[in-house]
Student: 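Okay, here's the structure, questions in a sec.
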Amino acid sequence: SLRGGGWQTSLGRTLHGRRLGVLGYGMLGAQVARIGQAFGMQVWVWVWGGEGSQGRARADGFDLAPDRAAFFAQSDVLTVQLKLGPSSARSITAADLAAMKPD
């Protein structure tokens with residue numbers, strides 16, 4: 001719009017009421033979840049392999065996604081809070097991305 005001579009006249013899409021998917025619930029993931037909550041977002045978490053992280057997310061009042069497919073398909077906004085390493089590299093697949101909403 002700016003390149004075309006226009007100017008932004010709206011604030012864009014609202015976050016309130018949207019679903020924030022937090023992939024990974026360590027220290028950073030927990031902070032991002034609280035920020036999403038402050039914006040009025042419905043926050044849910046997907047953690048694999050970490051019972052401790054799942055328990056902390058529940059104790060902090062956040063829902064856990066019922067399964068991986070639903071997590072990617074139903075999140076409006078996705079944040080990835082994983083430490084890159086051998087166990088997390090390539091953890092998001094093309095099928096996960098294809099399942100996401102087009103917007």
Student: Is there a side-chain contact between Arg19 and Val77 in this structure, where contact means two heavy atoms from C-beta onward sitting under 4.5 Å apart?
Tutor: no
Student: With a 4.5 Å limit on heavy-atom distance, are the side chains of Val22 and Phe62 in contact?
Tutor: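 The answer is no, as the side chains (C-beta and beyond) never meet within the 4.5 Å cut-off.
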Student: Report all side-chain donor-acceptor pairs from residues 25-45 shorter than 3.5 Å, counting only partners two or more places apart or in another chain.
Tutor:
| unit_1 | atom_1 | unit_2 | atom_2 | d |
| --- | --- | --- | --- | --- |
| Tyr25 | OH | Asp60 | OD2 | 2.5 |
| Trp44 | NE1 | Ser75 | OG | 3.0 |

Student: If you look at every heavy atom in Val47 and Gln54, which pair is closest and at what distance?
Tutor: O-NE2, 2.9 Å
Student: For a quick test of your reading: what N or O donor-acceptor pairs under 3.5 Å do the side chains of residues 94-103 make, sequence neighbours left out?
Tutor:
| unit_1 | atom_1 | unit_2 | atom_2 | d |
| --- | --- | --- | --- | --- |
| Asp96 | OD1 | Arg68 | NE | 3.2 |
| Asp96 | OD2 | Arg68 | NE | 3.3 |
| Asp96 | OD2 | Arg68 | NH2 | 2.5 |
| Asp96 | OD2 | Thr93 | N | 3.0 |
| Asp96 | OD2 | Thr93 | OG1 | 3.2 |
| Lys101 | NZ | Asp76 | OD1 | 2.5 |
| Asp103 | OD2 | Arg13 | NH1 | 2.9 |
| Asp103 | OD2 | Arg13 | NH2 | 3.2 |

Student: How long is the straight-line distance from CG of Leu78 back to CZ of Phe72, given to the nearest 0.5 Å?
Tutor: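 Interatomic distance, Phe72 CZ to Leu78 CG, rounded to 0.5 Å: 5.5 Å.
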Student: Within the 4.5 Å heavy-atom criterion, are Leu82 and Leu23 side-chain neighbours or not?
Tutor: yes
